[in-house]
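Below is one structure; the comments refer to it alone.
Chain A is the first sequence line, chain B the second, and so forth, proteins listed ahead of strands; every chain is numbered from 1. The model shown is predicted, which means the values in this text are computed figures rather than measured ones.
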Amino acid sequence: MSQNQAKTVAVISDEGPLINTKPLMAPSVILLFIWMIVPLAMTLWFSVRRYNLLDPSSTSFAGFDNYTFLLTDPTLLHALQNTIVLVVGVLAATIIFGVACAMALDAPFPGRGIARLLCIAPFFVMPTVSALIWKNLLMHPVNGLFSWMLKSVGLPAIDWFSDYPLISVGIIVAWQWIPFATLILLTSLQSLDREQVEAARMDGARGWTLFTNITLPHLYRSMTIVVMIETIFLLSVFAEILVTTSGGPGEATTTLPFLIYKTALLDYDVGGASAGGVVAIVLANIVAFFLVRTIAHNLER
Amino acid sequence: MSSVTLKGIRKSFGGLEVVSGVDLHIKDQEFVVLVGPSGCGKTTLLRMIAGLESISGGELLIDGQVMNRVRPDERGLAMVFQSYALYPHMTVADNMSFALRLAKVSKAERDRKVNDAAKILQLDHLLQRRPAQLSGGQRQRVAIGRAIVRDPKVFLFDEPLSNLDAALRIQMRIELARLHKQLSATMIYVTHDQVEAMTMADRIVVVNKGVIEQLGTPMEIYQNPSTVFVAGFIGSPKMNLFEADTALENGQAVAILDNRGQRIPLPVDPPRGARVTLGIRPEALNVDSQGPLGGEITVIEHLGGETLTYIDIGNGKLATVKTGEASLGQVGDTVRVSFPPDRLHVFGPDGRALLNHRNH
Ligand SMILES: Nc1ncnc2c1ncn2[C@@H]1O[C@H](COP(=O)(O)OP(=O)(O)O)[C@@H](O)[C@H]1O
Ligand SMILES: [Mg+2]
């Protein structure tokens, strides 16, 4: 018995696993590869073509014309700016409100279970639905809840989507993502060692000092995870913009994904849209590079 | 001067009373060990002294001042937790100086105190590390250092050695005893390990089910356990405890053991027909062919310097005999043992000792 085992061990260490696993893994690896590489290759291909759907029969090689046009167009810069403002703003809002909600929901009070459920609920509402609700029921300048509230204290109504378009979109997106941050931060809070808090209390920390010196550092890790995951999704926010402002007024809420959509499906310029897509990929990779580096550094500790 | 006085301290969680009226006076510079089985309320008692748990009833005084409602950081105490509870995101130096920083002590003063404490605990070379980079023993020392730096009136320890391996535990035990001398501090130490209590304490407080069972110096408690519980809890190997009936034979009170009806004359007169428990320390038993107890040797344990022999005195009841390097015989041999009359402990039906041994 033990001799047999010794032999098996020897075989594994000499020649790798007993079964050749490569053919078994191949289908999924190939599928994944095609899944990724074909759209990427097509995007790269179209980005160097002159290709407009209004005249699909006349296509030709464009070289870097699409890129030159795009990169010299102030619209792109504006879209990039909007994207960054939206992503960073929503990240900041979700972290701040997420921490606040998590702290509140961690403290014992009657009805905590129901409060937790309600606080998590927005996460399960579809983006289009929540955007429509905000647009028509809450932020509507005539029928909205907010304008009614302002009117009842004697203030003029605000036309949210024309006066503060990007902020309004940001509020809607933040409303959907705060529950996610709350959930992650709440679990993290619950894992905070009770004795550590008590040691800090004996050391004289309480209230704000306890929060900044013990609780917040404990939450850094999960904040990093929230930032990483949310960034991935926030870079591609689309439905909320389409439903509420359609990128307007003017270009005020046109982000990079929305610009690509406009170029491809409103201007029918497949070449230009593909070039925009490539720019987005490069941007996402730059962000991913820094994110992964800081996160790896943070998680190591 | 820093003394701690507990007057009728109680604690209930909901309807459950966990600490039921503890009276205790701890003198300045005393090392008091609270010892008891797990779940008896030691931690709760310590946490009430620390101010981490509210006091349901009674009075807590530190240096004669009532402290029931004073905040934990204003009681002038420092606590070392079982899990060490170091702040993982701070360096060792920052961990130790945290309390001083919150108290707005100047940087120079903080550094001086941290360095002093680090020197006492041999942590000098570790000051810039984080807790995750330290071994268990080192973390333990940092936790103690964090307490020392605050220069507290009283040190509180909650089973600080229970996460360490056996060798390190013995070493830390010695270091703690040394530290107590060096700092001349009052220390209250909680443990379930009677060896720690015996070796370190000036005074032991044996706690059971939320009340103080007995209180005294280690030797007092070892020689004069006031209840069956204390007799069984303190001392290793455990004291031999035998249940017995009592009777009066020829004007002499005797105990009749349950096992084989062995008769043992009693130095006290228990109430007529009372059930008693007899206690004899394993080292008090000697081979004696005329001895009252006897039976077959079932197990022999050689521990090197000492030998434990287990004798079946009837119905599977084992008597433990402790000797030096030599054992009493071999497994299967039948031996008889006796004991000096003054080493016999007799406990009444209520579990309380019926006589006191003053001297040995
Ligand atoms: N916060 C609490 N709520 C309810 N019961 C508790 C709480 N803390 C301790 N207890 C109970 O009090 C008893 C004593 O606990 P503890 O003081 O931790 O014992 P020890 O430290 O002696 O092992 C245990 O039965 C425990 O279950
Ligand atoms: Mg305990």
Side-chain angles (χ1 to χ4, degrees), chain A residues 95-96 98-99 102-103 106-113 181 184-228 291 293-301, chain B residues 43 46-53 70-91 94-105 110 129-133 139 142-160 163:
Chain A
I95 291 288
I96 292 169
V99 170
M103 293 289 287
D106 190 42
F109 59 86
R112 186 170 67 168
I184 303 269
L185 295 171
L186 181 61
T187 19
S188 174
L189 265 187
Q190 287 170 338
S191 75
L192 176 55
D193 181 27
R194 196 185 68 150
E195 287 200 339
Q196 213 185 98
V197 175
E198 287 175 345
R201 272 174 64 200
M202 294 212 63
D203 276 348
R206 54 177 189 285
W208 185 248
T209 43
L210 185 67
F211 176 72
T212 52
N213 285 295
I214 306 295
T215 317
L216 216 47
H218 174 75
L219 290 179
Y220 277 157
R221 237 171 215 253
S222 24
M223 283 184 190
T224 329
I225 289 168
V226 168
V227 166
M228 178 168 72
L291 264 182
R293 250 184 36 162
T294 44
I295 284 163
H297 179 76
N298 243 351
L299 293 186
E300 245 167 41
R301 287 189 300 158
Chain B
T43 298
L46 198 70
R47 288 167 54 83
M48 282 193 285
I49 298 174
L52 296 172
E53 205 82 72
V70 177
R71 278 208 319 259
D73 56 304
E74 290 179 344
R75 296 190 183 190
L77 313 171
M79 182 148 166
V80 176
F81 292 84
Q82 183 173 355
S83 68
Y84 315 144
L86 300 179
Y87 313 125
H89 54 282
M90 297 186 198
T91 63
D94 289 343
N95 258 286
M96 285 164 64
S97 63
F98 184 59
L100 301 179
R101 189 157 61 81
L102 292 181
K104 308 231 156 42
V105 174
R110 268 170 11 216
R129 298 234 193 131
R130 283 176 198 276
Q133 299 164 309
R139 282 180 211 181
V142 176
I144 296 171
R146 195 167 62 177
I148 293 178
V149 164
R150 293 184 47 198
D151 201 9
K153 290 182 190 162
V154 181
F155 285 84
L156 309 176
F157 296 90
D158 189 3
E159 311 219 6
N163 289 348

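- Between atom OH of residue B/Tyr84 and atom CG of residue A/Asp193 there is a gap of 12.5 Å, rounded to the nearest 0.5 Å.
- For A/Arg194, the CZ atom counts as loosely surrounded, since its 6.0 Å shell holds 12 or fewer non-hydrogen atoms of other residues, nucleotides or ligands.
- The two residues B/Asp73 and A/Arg201 make their nearest non-hydrogen contact at CB-O, 3.6 Å.
- Without hydrogens or angle criteria, A/Glu195 side chain to B/Phe81 main chain gives no donor-acceptor distance under 3.5 Å.
- Heavy atoms closer than 4.5 Å to chain A are found nowhere in B/Leu100, neither backbone nor side chain.
- For chain A, no part of B/Ala103 is nearby; none of its heavy atoms comes within less than 4.5 Å.
- A/His218 places no side-chain N or O within donor-acceptor distance of the main-chain N or O of B/His89, the cut-off being under 3.5 Å.
- In this structure the side chain of A/Gln196 reaches within 4.5 angstrom of the side chain of B/Pro88, judged on heavy atoms.
- With contacts defined as side-chain heavy-atom distances shorter than 4.5 Å, the pair B/Arg71/A/Arg206 qualifies.
- Neither the backbone nor the side chain of B/Arg75 comes within contact range of chain A; no heavy atoms are under 4.5 Å apart.
- A salt bridge links B/Arg150 to A/Asp203: at least one charged side-chain nitrogen sits closer than 4.0 Å to a carboxylate oxygen.
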Test side chain to side chain contact (heavy atoms under 4.5 Å, CB included) applied to A/Glu198 and B/Met79, step by step: CA-CA 10 Å; A/Glu198 287 175 345; B/Met79 182 148 166; over 6 Å; no
